[in-house]
A.B. asks: 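One structure coming up, written as structure tokens, with questions to follow.
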Amino acid sequence: MSYHDPVDHEIKQFLKPKSQDVVLPDSVTLAMENAFSSLSEQKSRKKSRLNKWRWTAAAITICFALTAVMIYTVPTFAEMIRSLFSKDNPDIGLLRAKELGLVHNPHIKVNDKGYTLVIEEAVADPTRVTLALQLFDNKGEHDRDKLSLGESNTITIKDAEGKTVGSMYDMGYTNDFYYMVEFFSEPLQTDKITIEGNINTLGNRNVPAIEGNWNFSFDLDMKEANSKTQVEELSGTYTTPHGLTVNLKRITRMVQGVRFELETELDDAAMARSPGDLWENQTLSFHFENLKNEEIHSVNPRKSGYMDSLMTFDYSVIEEGKMRWSYTFKYLPENEPYRFVLDGYSIAEVDGSKFSFRPAELSEPKSFKVLKDRVEVIGTSLEKSQSGGETNELAVLFYGEMDNEVRNDAWKAYDSAGKQYNVSKRGSSGLENSLPDHWREGFISMGDRKMNSPFEYRIEGLDHIPEELSLVREVVDKRYKDPNWSVIMNE
């Protein structure tokens with residue numbers, strides 16, 4: 001708008017007190033600015049007609065602004081548009097932070113190359129840091145696909161000493177904003193953190209990159225959030241039939257999450273089955289339920305449709321045969337009793353089970369029992385090596401029903417002459433025959449029969465089809481589902 005135009009000056013004076021009465025969200029402000037900038041600056045012979053048009057435009061703009069304000073002052077609308085606390089983005093940890101008044105408003109607004117980066121909400125505690133980042137184009141519209149974090153774009157977290165303690169990433173989850181988050185496997189111990197954004201490139205694979213400067217930095221005081229941390233020491237010890245002792249240690253309640261800690265120790269017989277560092281390859285399976293046997297959370301179950309609020313977990317070796325585990329959940333009941341139930345565990349053990357077949361004689365699928373697992377070989381083929389180059393390698397095509405876990409198993413292959421080959425895996429797997437009310441039943445299905453897509457064992461370095469092939473499982477990821485132990489918490 002030309003400042004020489006007296007009508008434009010009158011409109012500005014008219015709007016000024018109105019705009020001072022309210023605080024508009026950035027997206028609305030940007031839209032209003034564009035509405036004003038689009039008003040025609042050219043002179044017209046029919047000046048009175050033009051003046052009337054401009055006053056009409058001003059009235060429309062005011063209506064738009066007030067309507068926008070009304071919308072933004074009604075939580076169900078405002079939060080759906082841009083907030084971490086939208087009904088479409090439920091998170092009990094964030095809601096707890098809001099209830100305690102621990103939502104920060106850094107008021108970050110950085111403009112460059114026609115794009116405006118905005119951060120109006122951030123939440124931090126020793127569990128995680130979460131912030132809502134929006135990116136508006138020159139039309140005031142949020143662009144959800146323009147920003148990608150990587151080498152040229154980073155958002156780091158530093159403690160009070162300036163040490164980098166985390167790097168944020170986009171969870172996706174909503175189109176309303178970039179849902180930036182970082183979880184801490186160990187509770188963060190600092191009175192202040194600094195969020196530093198180095199944003200230098202906008203664009204994606206389908207759109208040319210735009211270079212610019214959208215860098216930002218702001219501090220968040222952690223003292224109040226830290227003061228809400230509560231530690232509950234736990235008691236409870238159990239030894240499974242196959243030599244794993246579980247000791248419950250503590251629960252740490254923080255604003256956005258609850259950290260559950262326990263330790264495990266293997267006896268001599270269990271260690272003998274997992275020599276070297278095999279014993280370190282373990283997985284625990286457990287769940288929490290209320291006293292009506294209703295599920296709260298589950299970790300590594302075979303159950304279908306299980307409840308999952310695990311944010312992060314960590315484990316470490318304390319000493320030979322002994323490990324410390326920690327799991328951080330969005331919440332656990334605070335003022336009512338609930339139950340911890342140990343469902344099972346798995347551990348890498350020496351196996352030696354094997355099966356053999358003659359590829360040329362495989363006219364129909366052939367099944368093999370390997371401990372409690374079943375492998376149905378349907379054929380072999382020569383395929384391009386996964387390691388690259390022009391060489392081929394043998395692929396054994398099969399469908400599997402595995403009672404044991406498969407994450408930490410290890411196989412070797414032997415040809416007719418007894419030469420040994422490494423084996424790698426290729427294909428998809430999933431749970432089958434799992435039940436909605438049982439945590440231990442079901443098996444891992446390797447390959448997809450419905451899609452006619454078998455799983456593959458790739459025999460690395462074997463570039464021909466041998467007369468006979470033997471597959472030996474040297475390490476089994478042994479699954480134990482015989483624990484019989486539960487503990488009532490908050491009694």
Side-chain angles (χ1 to χ4, degrees), residues 75-76 78-80 82-106 119-133 155 157 159 165-174 176-193 195 218 220-232 234 250-261 286-290 294-299 306-314 325-336 338 340 489-490:
T76 54
E79 294 174 354
M80 181 163 53
R82 67 183 182 116
S83 179
L84 286 169
F85 307 98
S86 163
K87 65 180 181 180
D88 297 325
N89 306 312
D91 185 309
I92 194 167
L94 291 175
L95 293 176
R96 178 173 166 79
K98 183 178 182 181
E99 179 184 344
L100 295 172
L102 295 175
V103 180
H104 300 267
N105 304 111
I119 300 174
E120 290 292 350
E121 293 174 334
V123 180
D125 79 329
T127 306
R128 63 178 171 174
V129 177
T130 308
L131 61 86
L133 184 153
I155 301 177
I157 303 168
D159 64 13
V165 294
S167 182
M168 305 193 77
Y169 65 94
D170 181 12
M171 282 186 67
Y173 190 63
T174 176
D176 297 337
F177 49 82
Y178 293 87
Y179 203 126
M180 299 298 182
V181 68
E182 169 67 330
F183 297 95
F184 304 111
S185 57
E186 292 286 334
L188 194 59
Q189 298 182 0
T190 183
D191 288 338
K192 183 191 78 171
I193 61 172
I195 312 297
F218 61 92
L220 296 179
D221 192 312
M222 298 284 287
K223 296 187 188 71
E224 184 67 19
N226 291 341
S227 70
K228 305 298 182 183
T229 299
Q230 299 178 343
V231 178
E232 305 169 16
L234 301 176
R250 69 186 57 83
I251 283 178
T252 304
R253 295 185 180 276
M254 297 164 282
V255 174
Q256 294 190 77
V258 181
R259 187 170 188 249
F260 172 63
E261 295 177 71
F286 59 89
H287 72 274
F288 296 99
E289 61 185 29
N290 62 26
E294 297 169 334
E295 178 186 12
I296 300 173
H297 311 301
S298 295
V299 175
Y306 67 92
M307 303 291 288
D308 179 17
S309 80
L310 182 65
M311 293 193 290
T312 183
F313 83 98
D314 193 24
W325 306 78
S326 68
Y327 301 82
T328 302
F329 302 92
K330 290 183 178 178
Y331 82 101
L332 282 172
E334 188 171 2
N335 300 313
E336 60 186 62
Y338 61 100
F340 164 82
M489 313 282 210
N490 282 354

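Nothing fancy with the numbering, it's 1 onward along the sequence.
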A.B. asks: Enter the distance from Lys228:NZ to Leu102:CG here, rounded to the nearest 0.5 Å.
C.D. replies: 7.0 Å
A.B. asks: Not counting sequence neighbours, which residues clear ring pair (Phe, Tyr, Trp, His ring centres under 6.0 Å) with His287? List them please.
C.D. replies: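 Partners of His287 under the ring pair (Phe, Tyr, Trp, His ring centres under 6.0 Å) test: Trp439.
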A.B. asks: Take Phe329 and Ile296 through the side-chain contact (heavy atoms from CB on, under 4.5 Å) test and state the conclusion after the steps.
C.D. replies: CA-CA 11 Å; Phe329 302 92; Ile296 300 173; over 6 Å; no
A.B. asks: Less than 4.5 Å apart, side chain to side chain, heavy atoms only: is that true for Val255 and Thr127?
C.D. replies: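 A side-chain contact under 4.5 Å is absent here.
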A.B. asks: Which pair of non-hydrogen atoms, one from Pro333 and one from Asn490, has the smallest distance, and what is that distance?
C.D. replies: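 In this case the closest contact between Pro333 and Asn490 is O-ND2, 3.1 Å.
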A.B. asks: Mind listing the closest non-hydrogen atom pair of Arg259 and Ser185 along with its distance?
C.D. replies: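 In terms of heavy atoms, the two residues are closest at NE-O, 3.3 Å.
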A.B. asks: Roughly how far apart are Arg96 CZ and Arg253 CZ, rounded to 0.5 Å?
C.D. replies: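 Arg96 atom CZ to Arg253 atom CZ measures 8.5 Å (nearest 0.5 Å).
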A.B. asks: What I'd like to find out is whether the side chain of Leu94 reaches to under 4.5 Å of the side chain of Arg128, using heavy atoms alone.
C.D. replies: yes
A.B. asks: How far apart are the closest heavy atoms of Gly172 and Tyr179, and which atoms are they?
C.D. replies: O-CB, 3.5 Å
A.B. asks: For a quick test of reading the model, state the closest non-hydrogen atom pair linking Glu120 to Asn105 and the distance between them.
C.D. replies: O-ND2, 2.8 Å
A.B. asks: Is His297 reaching over with its side chain to a backbone N or O of Tyr331, donor-acceptor style, under 3.5 angstrom?
C.D. replies: yes
A.B. asks: Let me see the working for His104 and Leu131 under side-chain contact (heavy atoms from CB on, under 4.5 Å), right down to the final yes or no.
C.D. replies: CA-CA 9 Å; His104 300 267; Leu131 61 86; over 6 Å; no
A.B. asks: Show the nearest heavy-atom pair for residues Lys330 and Ile92, with the distance to one decimal.
C.D. replies: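 Heavy-atom minimum between the residues: O-CG2, 3.7 Å.
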A.B. asks: Going by side chain to side chain donor-acceptor pair (under 3.5 Å), name the residues that satisfy it together with Gln189, two or more places apart in sequence or in a different chain.
C.D. replies: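 For Gln189, no residue satisfies side chain to side chain donor-acceptor pair (under 3.5 Å) once neighbours in sequence are set aside.
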A.B. asks: Look up atom CE in Met180 and atom CD1 in Ile157, then write down how far apart they are to the nearest 0.5 Å.
C.D. replies: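 Taking CE in Met180 and CD1 in Ile157, the distance rounds to 11.5 Å.
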A.B. asks: Counting C-beta onward and ignoring hydrogens, is there a side-chain heavy-atom pair between Met489 and Leu234 closer than 4.5 Å?
C.D. replies: yes
A.B. asks: Distance from Leu310 atom CG to Tyr327 atom OH, nearest 0.5 Å?
C.D. replies: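 OH of Tyr327 is found 8.0 Å from CG of Leu310.
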A.B. asks: Test your reading of the model: is there a side-chain donor-acceptor pair from Glu295 to the backbone of Met307, 3.5 Å cut-off?
C.D. replies: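 Such a contact is found between Glu295 side chain and Met307 backbone.
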A.B. asks: Do the non-hydrogen side-chain atoms of Val299 and Trp325 ever get within less than 4.5 Å of each other?
C.D. replies: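 No, their side chains stay 4.5 Å or more apart.
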A.B. asks: Taking the six-membered ring for Trp, is the centroid-to-centroid distance between Phe286 and Phe260 below 6.0 Å?
C.D. replies: yes
A.B. asks: Among Leu133, Val129, Thr130, find the residue that satisfies the side-chain contact (heavy atoms from CB on, under 4.5 Å) test when tested with Met168.
C.D. replies: Val129
A.B. asks: Can you name the closest pair of heavy atoms from Thr190 and Lys192 and give their distance?
C.D. replies: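 Scanning both residues completely, I find the closest heavy atoms to be OG1-O, 2.9 Å.
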A.B. asks: In Å, rounded to the nearest 0.5 Å, how long is the span from CZ of Phe313 to CZ of Phe183?
C.D. replies: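 Phe313 atom CZ to Phe183 atom CZ measures 13.5 Å (nearest 0.5 Å).
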A.B. asks: Checking side-chain contact (heavy atoms from CB on, under 4.5 Å) between Gln256 and each of Thr328, Leu95, Asp125, which is the one that passes?
C.D. replies: Asp125
A.B. asks: Kindly write out the residues that satisfy ring pair (Phe, Tyr, Trp, His ring centres under 6.0 Å) with Phe184, not counting sequence neighbours, or none if the list is empty.
C.D. replies: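 Phe184: no ring pair (Phe, Tyr, Trp, His ring centres under 6.0 Å) contacts found.
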